[in-house]
Amino acid sequence: MEPPGVFGTSSSFTLRLGQTGFSTASLLFLCFHVEFYGYTAFCYSIIAMGLVVPWSATLFVVDAYSLLVRCLPRQRMIIWIVFFGDICLSYLSLAAACSTASVTDLLQHAGGSVCPTNLCNGLQLCAAMSFLCWLLLSTSCLFNFWLLPSL
């Protein structure tokens, strides 16, 4: 019996689908606004989510393939790579979410002329999607870490 959420299971497939969806949504909410390049925090968020999308999408495809052929990838080195990739991207996405949320809050309190309601709502949604992506990344990281001692 495998723990839920470990690499190659249906729950990992679901986690990767959520990570890909939330990181893509975060990118879309941020890129719809042309003013993002004026703030380093927003550029950092684009870079972090831009790294999460291909990582999660690749592991989503690998999870789908392993579910189709019913072959679980249980090599220790593969799980280590997935664990370290997840933990690095988890920290990056948390930092991106926090910086986006704090700069958006700062712009909101600076006045309506700096951050119109439409812009601030999109930036808040970007931060929320980044936080949700971080939550799913850290969850999959934790599940794969629990699997490592049994290999």
Heavy atoms, side chains only, cut-off 4.5 Å: are [X] and [Y] in contact?
{"X": "Ser23", "Y": "Met129", "value": "no"}
{"X": "Ser45", "Y": "Cys126", "value": "yes"}
{"X": "Ser90", "Y": "Ser138", "value": "yes"}
{"X": "Asp63", "Y": "Thr9", "value": "no"}
{"X": "Phe42", "Y": "Val103", "value": "yes"}
{"X": "Val6", "Y": "Ser12", "value": "no"}

Tyr91, OH atom: more than 12 neighbouring heavy atoms under 6.0 Å |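 Open.
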Going through the checks in order, is the side chain to side chain contact (heavy atoms under 4.5 Å, CB included) test met by Met49 and Tyr44?
CA-CA 9 Å; Met49 291 298 113; Tyr44 175 73; over 6 Å; no
Pairwise distance [atom1]([X]) to [atom2]([Y]) - rounded to 0.5 angstrom:
{"X": "Thr139", "Y": "Leu135", "atom1": "OG1", "atom2": "CG", "result": "4.5 Å"}
{"X": "Ser10", "Y": "Leu67", "atom1": "OG", "atom2": "CG", "result": "6.0 Å"}
{"X": "Leu125", "Y": "Thr104", "atom1": "CG", "atom2": "OG1", "result": "10.0 Å"}
{"X": "Leu17", "Y": "Phe60", "atom1": "CG", "atom2": "CZ", "result": "5.0 Å"}
{"X": "Ile87", "Y": "Leu92", "atom1": "CD1", "atom2": "CG", "result": "11.5 Å"}
{"X": "Cys120", "Y": "Gln108", "atom1": "SG", "atom2": "CD", "result": "4.5 Å"}

Requested in this report: For Phe145, enumerate each residue passing the ring pair (Phe, Tyr, Trp, His ring centres under 6.0 Å) test, keeping only those at least two apart in sequence or located in another chain.
Outcome: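 For Phe145 the ring pair (Phe, Tyr, Trp, His ring centres under 6.0 Å) partners, ignoring immediate neighbours, are Phe83.
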Quiz item: When hydrophobic residues are tied together by side-chain contacts of less than 4.5 Å, even through go-betweens, does Trp146 share a cluster with Leu15?
Solution: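 Trp146 clusters together with Leu15.
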Checklist entry - Do Val61 and Val52 share a hydrophobic cluster (ILVMFWY, side-chain heavy atoms under 4.5 Å, transitive)? => result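 Val61 does not cluster with Val52.
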Could you list the residues that satisfy side chain to side chain contact (heavy atoms under 4.5 Å, CB included) with Ile79, not counting sequence neighbours?
->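 Only Phe7, Asn144, Leu147, Leu148, Leu151 meet the side chain to side chain contact (heavy atoms under 4.5 Å, CB included) criterion with Ile79.
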Ser130 versus Ser26, side-chain donor and acceptor atoms under 3.5 Å =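 Short answer, yes.
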- Message: Please evaluate residues Trp134 and Leu89 with respect to the criterion side chain to side chain contact (heavy atoms under 4.5 Å, CB included), reporting the C-alpha separation (whole Å), side-chain torsions for both, the decisive distance (0.1 Å), and the verdict.
- Response: CA-CA 8 Å; Trp134 163 74; Leu89 290 174; over 6 Å; no
inquiry  = Minimum heavy-atom separation for Thr100 and Ala41, please, with both atom names.
reply    =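 Distance-wise, the nearest heavy atoms are OG1-O, 4.0 Å.
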Discussion item. Looking at every non-hydrogen atom in both residues, tell me the closest pair between Arg16 and Ser56 and how far apart they are.
Written reply: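 For Arg16 and Ser56, the tightest heavy-atom pair comes out as CB-O, 3.9 Å.
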Checklist line | Leu136/Phe22 under side chain to side chain contact (heavy atoms under 4.5 Å, CB included): CA gap, chis, key distance, verdict | finding: CA-CA 9 Å; Leu136 294 178; Phe22 286 135; 3.6 Å; yes
